[in-house]
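What follows is one structure encoded as structure tokens, with my remarks underneath.
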Amino acid sequence: MTVKPLLDRVLIKMEEAEETTKSGIILAGSAKEKPQIADVVEVGPGGLVDGKEVTMYVKKGDRVITSKYSGTEVKLDGVDYTLVRQSDILAVVE
Amino acid sequence: MTVKPLLDRVLIKMEEAEETTKSGIILAGSAKEKPQIADVVEVGPGGLVDGKEVTMYVKKGDRVITSKYSGTEVKLDGVDYTLVRQSDILAVVE
Amino acid sequence: MTVKPLLDRVLIKMEEAEETTKSGIILAGSAKEKPQIADVVEVGPGGLVDGKEVTMYVKKGDRVITSKYSGTEVKLDGVDYTLVRQSDILAVVE
Amino acid sequence: MTVKPLLDRVLIKMEEAEETTKSGIILAGSAKEKPQIADVVEVGPGGLVDGKEVTMYVKKGDRVITSKYSGTEVKLDGVDYTLVRQSDILAVVE
Amino acid sequence: MTVKPLLDRVLIKMEEAEETTKSGIILAGSAKEKPQIADVVEVGPGGLVDGKEVTMYVKKGDRVITSKYSGTEVKLDGVDYTLVRQSDILAVVE
Amino acid sequence: MTVKPLLDRVLIKMEEAEETTKSGIILAGSAKEKPQIADVVEVGPGGLVDGKEVTMYVKKGDRVITSKYSGTEVKLDGVDYTLVRQSDILAVVE
Amino acid sequence: MTVKPLLDRVLIKMEEAEETTKSGIILAGSAKEKPQIADVVEVGPGGLVDGKEVTMYVKKGDRVITSKYSGTEVKLDGVDYTLVRQSDILAVVE
């Protein structure tokens with residue numbers, strides 16, 4: 001299944017949150033901090049969004065920091081992805 | 001009955017949610033996850049929306065991912081459809 | 001009594017909701033689903049709305065789908081009408 | 001006392017609500033439906049409102065339909081009036 | 001103490017509310033209706049407000065109707081005034 | 001420590017509220033009315049704010065009236081200041 | 001790990017809050033005031049944000065005052081940073 005994000009949308013996959021605390025305790029699901037670093041899987045073409053031209057700065061393969069709670073989660077072939085606007089991406093991590 | 005969406009409206013039909021969980025249990029209505037993939041049934045002509053020119057990128061027959069909770073549900077000839085703005089469509093699935 | 005909607009306003013009359021469920025039970029008022037199809041009774045001339053030029057796409061006699069809860073209900077000569085903006089009209093039904 | 005509305009403001013006087021129900025019962029104050037038809041008493045000159053040119057379409061003496069709850073009620077010489085923006089006036093009744 | 005309102009601000013002084021009801025009863029503070037007519041004490045010079053040119057229509061000495069709850073109350077030399085934007089002034093009373 | 005406000009920000013210092021009521025009672029902290037007159041300590045250079053050119057009208061040393069609750073309180077070297085946008089300054093007092 | 005903020009984003013590191021009150025008492029975590037002064041770690045390149053050109057005024061190494069509660073906290077290599085828009089930076093401290 002191929003996903004082609006429209007306009008300024010970006011398909012990202014959150015990296016797995018750390019399973020272990022600093023003191024070495026393994027965390028159950030809900031106690032894990034929501035991961036904030038994601039991998040860019042697909043990037044929309046940009047274009048006129050709300051009457052304003054948007055250029056895409058992120059590219060496939062980038063590791064990015066997104067604002068928590070932004071975007072729409074979507075399950076594709078059993079895997080969880082998130083579709084965000086590029087403006088919800090705060091920084092690229094290298 | 002033919003529906004002609006105005007401007008940037010798109011008539012979509014949500015795909016049926018999976019009736020079975022991974023473990024093979026058949027789910028009753030309310031336990032099913034809301035489907036997020038929809039088929040595009042009719043596409044408006046685009047044009048000046050709120051003073052801004054909108055070009056239509058999706059076309060009849062596309063399978064699309066929409067943001068949950070967006071749009072207006074409408075029952076036509078006993079079938080449930082949703083009318084969304086094109087901006088509520090996040091990606092095209094191929 | 002003649003009503004002349006201003007600018008992009010449209011006077012519509014909701015079609016009567018189905019009185020009978022699929023199983024043939026006749027419904028009392030509050031159990032009926034709110035109808036979503038309406039007949040266009042009068043159309044404003046369009047013009048500059050909030051500084052943006054609006055062209056009217058619907059015309060007297062059209063059957064239209066409106067977003068639920070939009071518009072202002074008004075009783076004229078004992079009959080219930082609704083005044084909506086054209087942007088609250090989602091599609092024309094033919 | 002003369003009231004000169006500024007810019008796109010319109011001074012209206014709500015018409016008295018019907019005192020009698022269809023079945024002929026005379027209603028006390030709070031049971032009466034809020035009237036929705038008003039008489040235009042004074043009209044502002046229009047002009048630049050929020051950076052956008054507004055032309056006045058209603059005129060003194062018009063009977064108009066306003067959106068419920070809009071405007072500011074004001075008592076002048078013991079009589080209740082309402083000051084609304086022209087954009088709160090939905091239609092002219094003839 | 002001289003107050004010079006900035007841009008489109010207007011310094012007004014609410015007129016005292018009627019102390020007596022129609023039936024002649026003298027009202028205590030909280031039972032009095034909030035007055036809606038005010039005297040214009042000082043007027044700002046207008047200018048670019050939020051990127052839009054604002055021309056001042058009211059002038060020192062005008063009696064005006066303001067929308068309730070708007071503006072900032074300020075006590076100067078023990079007297080209560082209100083600073084409003086000109087757009088909160090609905091009409092001039094003559 | 002020198003503070004240089006960015007763009008249209010203004011660093012102000014609220015004047016001490018009156019410690020004594022009209023009847024001569026000295027007030028404890030929480031019973032004092034929040035002061036509304038402030039002294040301008042530093043003024044940003046103005047410039048393009050949200051895409052709109054802002055010119056600075058207030059200057060260092062001005063006594064100004066600000067809208068209550070606006071701005072960000074900041075403690076510098078043990079002294080309380082407030083950083084406001086110039087648009088939160090309502091008037092200059094002379 | 002290198003973080004490259006996008007557009008008008010700025011990566012800052014809050015300075016440690018004072019651990020000691022004026023009376024010399026050492027404060028536990030939650031009783032400490034949230035620090036408001038931060039060090040600029042990385043600065044985005046600016047550019048077209050929401051259709052408006054943004055020029056960057058802060059630079060790496062600046063000490064800045066930010067509005068409380070703004071921005072997104074992010075933990076990188078075990079250290080807490082905050083990503084803010086430049087417009088959330090109120091002033092530069094020298």
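Each chain gets a letter, A, B and so on, in the order its sequence line appears, and its residues count up from 1.
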> Just one of A:Val93, A:Asp88, A:Val58 clears the side chain to side chain contact (heavy atoms under 4.5 Å, CB included) bar with A:Val64, so which one?
Replying inline: A:Val58
>> For A:Asp50, which atoms come within 4.5 Å of any heavy atom of chain B: side chain, backbone, both, or neither?
In response: both
> So which part of A:Leu11 gets closer than 4.5 Å to some heavy atom of chain B, the side chain, the backbone, both or neither?
Replying inline: neither
> Rounded to the nearest 0.5 Å, how far does CD of A:Glu15 lie from CD of A:Gln36?
Replying inline: 11.5 Å
> Which bit of B:Ile65 is near chain A, if near means a heavy-atom gap under 4.5 Å: side chain, backbone, both or neither?
Replying inline: side chain
> Hey, is the main chain of B:Arg9 close enough, under 3.5 Å, to the side chain of B:Gln86 for a donor-acceptor pair?
Replying inline: no
>> Measuring only between side-chain heavy atoms, which start at C-beta, is A:Leu76 closer than 4.5 Å to B:Ile37?
In response: yes
